[in-house]
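Sequence lines set the chain letters: A, B, ... in the order given, protein chains first and strands last, and positions in each chain run from 1.
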Amino acid sequence: MRRWLHMKDKYNFKELEPKWQKIWEEKGIYHVTPHETKPKYYALEMFPYPSGKLHMGHTRNYAIGDAIARFRRMNGYCVLHPMGWDAFGLPAENAAIERGIPPSDWTRTNIDQMRHQFQRLGLSYDWRREVASCHPGYYKWTQWLFLQLFKHGLAYRKKAQVNWCPACQTVLANEQVVQGLCDRCDTEVIKKELEQWFFKITDYADRLLENLDKLQGWPEKVKTMQRNWIGRSEGVEVVFKLKDTCDDIPVFTTRHDTIFGVTYVVLAPEHHLVEKIIADSPREQEIRRFIGEVTRTSEIDRTSELAEKTGISTGAYAINPMSGQEIPVWIGNYVLPHYGTGAVMGVPAHDQRDFEFSKKYDLPVKRVIASPNQNEGMEAIGAAYEDAGIMVNSPGFDGMESEVGKDAIADFMESRGIGKRTINYKLRDWLISRQRYWGAPIPIVYCDSCGTVPVPEDQLPIELPLDVEFRPTGQSPLNDIPEFVNVECPKCGGTARRETDTMDTFMCSSWYFIRFACPRMEDKPWDPETANYWLPVDQYTGGVEHAILHLMYSRFFTMFLHDLGLLETDEPFAHLLTQGMVLKEGAKMSKSKGNIVGLQEMLDAYGADTARLFILFASPPERDLEWNEQGVEGASRFLSRIWRLVYEFQGEIRSCDSLQTDMSGLNSQERDMRRKVHATLKKVTQDLDRHSFNTAVAGTMELVNSLYQFRDIARTGTKARAVMQEAIHTVLLMLAPLVPHITEELWHEIGHSGSIHQESWPTVDESALVETEIEIVIQVNGKVRDRMRLQKGRDSEYLKTEALKRDRVMELIQDKNVRDVFVVPDRLVNIVTA
RNA sequence: GCCGGAGUGGCGGAAUCGGCAGACGCACGCGACUCAAAAUCGCGCGGAGCUUACCCUCCUUGGGGGUUCAAGUCCCCCCUCCGGCACCA
C-alpha cells in the first residue's frame, strides 16, 4: 500500500506540531552563520522579561517577527533571528521576599518555562545564541561597558535630587517616572538627595536628535516622541547681576528679543543663591515657609499646569544687563531647578505665564514687541502678545523685526560678554544606580586613599553572590555581605569597599542585540568583524511602550560604541515596527482586570498555527487587536480547509512525479485559475514585504476559495491537474512563514522530503498574468452605468467610440450633449454631458 | 493647550498612484448532505425605494464646505476617540 493513503483526513495539530518542532530542533534548520554570498538580514524582536508565562501580547510580537524572519529566509537572505532574556529585575526579588525562592532559581525556572512555550509556538530562533542578561558570561560585558563609559568620562557619580520609589525601594531614571508615578508599580515617586551613578547621555543629545532624520524605517510617532523627550531649544543665557552682592544670576531664554521688557526675575526655590539672598532678609521666616511649602509639594502637583503659580518677593534686586534697569528678584514655584539655569526672566507683556504672574503680584508690564497688524495696546486685551512683531521700547533695536532682533541682540550680548547663545535640552543624564540586589553589580571600588577606582577589566565579572538575605531596606542587600563589600583596592592594595548598587536593567538591554552576533565569546564582548556583518538590526519589532526608554538608551550605546571604533553603525535599528496591544473587550489584558487569554489555553485548544494565523489576520500589526474567540475559530477553519483540499488532491499531485512546468495549451478556465494563482502570489509577496499580514492572509483565502470552485475542473485532465498542483504548492509556500507546522506537514504529504522552510520563495510567472480581455467600466457623469469586455491595451480613442456606441449609454445621453469624455486606458470611460 | 494617529456595514477590517466603496473573515439567513445534530459544501448578506422575475434608481466612508470629469483618498473648518508631551522659560 502506498504511503500517502495514510494521510489523515482531519487536521490534527496536536500530533503534527510537536512532531515538527522536534525535527526542526534536531536538524538545527534555523541555525545561522555568516554567509559569504547571501545578503544578511537581522530580524529581532524585543527580548522578554522572564515572568514565567507568555501572553497574547508576546505572541503577537513574536508571531510578527517570526513571519518576517521566515519570509526573508525564503527570499534568499542569511537571517539572524535570535532570542534571549532580559532577566534581571525586581519581580525576581519580590518573589524571593514573598516565597523565599532565590531570584536566580526563580528566574531560571521561568526561563525554562517560557523557552518551552516559545518552542511550542514554532518560532524559528537559533537557540544556540540564547543569552540571559543575568548570566555572568553576559553581565561581565555589561560591566565592561560601564568601564568603557567611565574611562571616557561618560559615567560619573554625583549627589543630586533623584526620583525615589518608596515601593520599589530604589531610585529611578527620569524616563521611568510617568506623570510623577513609578513606571513599574504606579507608586508616587518622591525626591531624595542621594549620590548616584549617571551616564552622560546629554553629551549625545544633538546626535540622538539629528540622527532621527536618518531613520527612514522608523514610525514618525516614535521619532516625534523622542524629539519631544530630548526637547532641544535654542536661546541665549544672559547674566543678570544681583544688585548688592554682584553675584551672577544667569537666565536662559528663547525670547531675548524681549529683554527690554523684563520687569522681574524669578528663581527656583532650590536655586543656590536663594540661601544667600534671604540669609539676612527681615522676611526670612516668611520666605522659608514658602520654600518649604513648594518643596514639599509632590512633583506631579508642582508641575501640573493646573497648579496655581505662586511666588514671593525676596526684597533683593537685580540689574538688567541690557537696560541697566533695577528689577525685583522673586522666588516662584513654577521655576524648575533642573531646567536651564533654574532662574527665569519675567516678561509679562510677551509671555502668558509671566503675564498671569504679574497680574497676581501686581508687577509692571512693559510692552516691547508691537503686533505688525494693529497698533492698539495689548493692556486692553488681557493677555500676553507672544507672536513675532516689531521691536519697540528697546533702545538701539527699535523698529527691528523681532526675529531679526533676536540675532542682533544675541550678537550684542556676546560682544559685551553679558550673554551667550546656548542650547538647552529637556533630556537629562541617565541615572543608572539601583539600590537592589538582582542586577549587574557596578564595577567600582571605593578606597580611602585612592578614591573611586574602576575594577580592572581582567577582574570581571564582579559576580553577584547567590545566597543573600532579603530585607528591603532602601539599601542594596549586597551591603549585608561582608565578603562582597570588603575588598582590596585594585590600585594600592589597601582596604577598600565595593559599590553595592547594581545597574538599571535598561543598561543590560541596551546592547543585547550586539551580543547575539557572538553570544559565547569569552575574551571580548563581540568580534568586530562578526558584529559589523550582522548589525544594524534590519527589522526590530516590539511594543511602542519602549519608544523612549529602551530605544533611546540603545541608540546612545550604539553611538558611543561607534565612536570607540567598536561598531561601524551608529544606529542600532534600521527599521522599527511597533505592534499594537492585544485587547479584550476594549481593554488591555491585565491580571487585575482578569481578562487575560493565556497562550497555554490557546495552544491546547487550537494549536500554534491557528493562534499565529488569527493574530496576523485580525488586524494590521501597528493597530490594536481585539481578541475574538470566534475569529480564532475562523482561522482554524481556514487551515482545515487547506488540509481538506490537499487531502482531496494529494493522490493526483503525488502521481505527477515531478512538478509540471509545461503550462502551454491551457484552456480558458485553466488559464484563469493559473492567473489567479500568480496574481495572488504577486500580491502576497508585496503584502509580506510591507508587513501587511492581514491582507496577505485574505488574499490567500480568496485563492483557496477559487481553488474550491476549481476542484471539479481539476480532475478533467493532466493540464488541469498541473494547475491545481502548482496552486497547492504555491499556497503552502506562501503560508509557510505564517503557519509553519501545517505547511511543513502538507509539504511532505504531497511528496517532498526536505523542509518547506528551506525552500525558496516562489517566483511570479509574469506571462501567467497576461490578460487578453479586460472589463472596462463605463461611467456617465461619474456614475457607473455600464461595463464592457474588450481586448486589453486598446487606445483611448477606441474605448471612447465603443463606449458611446453602447445601447445603455445612448439611452442615458439621448437628449443631452456630450461635453467631454475621460478615458483611463484598460480601466474606465467617463462620459460627461452638458 | 501642543504634537502625532485614527473615525468605513451588526463586528474585525480591505481599497498600495484621485478611477467600480465594503475584498477577506466573523456573526446572521437560506439550501444541500444527514433519521437527526454537529461538521462540511453551496448561495445570500450596507440602507432605502421600485419591482416583489430580471433589472433599475437614489443614499452611504464622523459632520459641514471646497477642488475635480471623478474624492474613503486632496484642501479648509468642526466633532469624537486613542496615544504622547504638558508651567521646559
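Annotation: cation-pi geometry not satisfied between A:Lys8 and A:Tyr11 (NZ/CZ under 6.0 angstrom from ring centroid, within 45° of ring axis). In this structure, A:Arg353 forms no cation-pi arrangement with A:Tyr334, as its terminal cationic atom is not both closer than 6.0 Å to the ring centre and no more than 45° off the ring axis.
Side-chain atoms of A:Asn830 and base atoms of B:C69 include a donor and an acceptor less than 3.5 Å apart.
When distances are taken from the side chain of A:Arg787 to each of B:A14, B:C85, B:C20, the shortest belongs to B:C20. Taking every side-chain heavy atom of A:Val824 into account, B:G19 is the closest of B:G19, B:A89, B:C20. The nucleotide whose nearest atom lies closest to any side-chain atom of A:Gln630 is, among B:G13, B:G83, B:C26, B:C26. Out of B:G19, B:A27, B:G42, the shortest distance to the side chain of A:Arg637 is found at B:A27. Side-chain atoms of A:Met225 lie closest to B:G84 of the nucleotides B:G84, B:A14, B:C20. Among B:C59, B:G42, B:A89, the nucleotide with an atom closest to any side-chain atom of A:Lys783 is B:C59.
Nearer the 5' end of RNA chain B, as judged by each residue's closest nucleotide, is the contact made by A:Phe822, out of A:Phe822 and A:Ala343. Each of A:Thr254 and A:Asn694 was assigned the nucleotide of RNA chain B with the nearest heavy atom; the assignment lying further toward the 5' end belongs to A:Asn694.
Note on A:Glu356: nothing from the nucleic acid sits closer than 4.0 angstrom, heavy atoms only. Among the protein residues, A:Lys221 comes within range of the sugar-phosphate backbone only, with heavy atoms under 4.0 Å from sugar or phosphate atoms but none that close to a base. Counting non-hydrogen atoms under 4.0 angstrom, A:Ser233 reaches the backbone sugars and phosphates but no base. As judged by a 4.0 angstrom heavy-atom cut-off over every strand, A:Arg353 is placed among the base-contacting residues. The residue A:Tyr425 sits apart from the nucleic acid: no heavy atom pair falls under 4.0 Å. Within 4.0 Å of A:Gly634, counting heavy atoms only, lie sugar-phosphate atoms of the nucleic acid but no base atom. Counting any heavy atom pair closer than 4.0 Å across all strands shown, A:Glu622 reaches no nucleic acid atom. The residue A:Arg232 sits apart from the nucleic acid: no heavy atom pair falls under 4.0 Å. A:Asp354 comes within 4.0 angstrom of nothing in the nucleic acid, heavy atoms only. Residue A:Arg623 is in sugar-phosphate contact alone, with no base atom involved, counting any heavy-atom pair closer than 4.0 Å across all strands shown. A:Val544 comes within 4.0 angstrom of no nucleic acid atom, judged by non-hydrogen atoms across all strands.
One atom, CD1 of A:Ile778, and another, C1' of B:C69, lie 15 Å apart when rounded to the nearest Å. A:Phe617 has its CZ atom 14 Å from the P atom of B:G12, to the nearest Å. The distance between atom CG of A:Asn333 and atom P of B:C87, rounded to the nearest whole Å, is 12 Å. Atom CG of A:Asn228 and atom C1' of B:G5 are 14 Å apart (whole Å). If you take CE of A:Met581 and C1' of B:G84, they are 13 Å apart, rounded to a whole angstrom. At whole-Å resolution of the value, CD1 in A:Ile548 and C1' in B:G83 are 12 Å apart.
A salt bridge links A:Glu702 to A:Lys676: at least one charged side-chain nitrogen sits closer than 4.0 Å to a carboxylate oxygen. The residues A:Lys406 and A:Glu403 are annotated as salt-bridged, a charged nitrogen and a carboxylate oxygen being separated by less than 4.0 angstrom.
Considering all non-hydrogen atoms of both residues, A:Tyr339 and A:Tyr425 come closest at CE1-O, 3.5 Å.
Pair check for B:G1 finds B:C85; Watson-Crick or G-U wobble, both atom distances under 3.5 Å.
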